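Everything on this sheet refers to the single structure shown next.
From a predicted model like this one, the values you see are computed outputs, not experimental measurements.
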Amino acid sequence: MLQNEYIHYHRNYGWDINDYKAMLKFANKGREQLTFFSYGCNLDNNSIHRLIEEYFLSEDVKRNEDFIEVEFDCYDSNLSNQIKRKYTIRKFNIEEKRLIEFENEVSQHFGKHIRCDINVRGHFEVKLNNKLYSTLVYKTLDCSAVYREAIKGQYLFLIDTESTDNEEMRNKMHLLPKNIQSLNLPINFTEIQKEVYVKDWIRQILEEMRLK
């Protein structure tokens, strides 16, 4: 029989839980981690940095069950205003009360500021007119009121710089209407549905660029 602190394996009937409380604690740990994500057009970088320093750096970094592990990330539609990666590769331990205070403060500044799943950040690619377009994808922990389904969060898509075919789009995103600078889709969409909607979104972007 193979085993570790939390689970063990029986050759006759497979895996079994060795310590239910420990496993529950491990499962709940994922709820104590998140990515705080700021996105929009022409973000107020100086104010965001100041608030990060005030709320995230003013206390000693601690590792305590009462603390949430938070990482910061951002996206600016205006590529020339993309915030410097000063704090985006760091993780901070902060009390939830203090995190809420930070959220209230930062929400007063331009852009959207949301919580995202720290374990879900990637790229979604589609082919359109013999070109490969790449998007940045986040899974939000906020549920928008525009969706009536009882779902936890959404998928958030943004144009990235991974594909060379994205270059013109990425450099002109800030010139386009704000309602097409990002795309939100329900979390229960299939891969095929996401592909259909992302392609349609990119068509809208290309059409708007053509009209500029």
Whether Phe36 and Phe72 hold their rings parallel, tilted or perpendicular, with breakpoints at 30° and 60° =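 Parallel.
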Pair Phe124 and Phe157, ring centroids less than 6.0 Å apart |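 Between Phe157 and Phe124, which both carry aromatic rings, the centre distance is below 6.0 Å.
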Between Phe56 and Phe92, is the gap from one ring center to the other below 6.0 Å?
->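 Yes.
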When Ser77 is tested against each of Gln181, His174, Arg170 for side chain to side chain donor-acceptor pair (under 3.5 Å), which residue passes?
->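 One option only clears the test, and that one is Gln181.
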For the residue pair [X] and [Y], confirm or rule out a side-chain donor-acceptor distance under 3.5 Å.
X: Arg121; Y: Tyr138; result: yes
X: His113; Y: Ser107; result: no
X: Glu69; Y: Asn93; result: no

Using a strict cut-off of less than 4.0 Å between a Lys/Arg side-chain nitrogen and an Asp/Glu carboxylate oxygen, indicate whether [X] and [Y] qualify as a salt bridge.
X: Glu208; Y: Lys172; answer: no
X: Lys194; Y: Glu191; answer: yes
X: Arg203; Y: Glu207; answer: no

Do the side chain of Thr35 and the main chain of Glu71 share a donor and acceptor less than 3.5 angstrom apart?
->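 Such a contact is absent between Thr35 side chain and Glu71 backbone.
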Partner of Asn171 under side-chain contact (heavy atoms from CB on, under 4.5 Å), chosen from Asn78, Asn166, Leu79 |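 One option only clears the test, and that one is Leu79.
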Quick one: pull up CZ in Phe102 and CG in Leu51 and give me the separation to the nearest 0.5 Å.
->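 Answer rounded to 0.5 Å: 6.0 Å.
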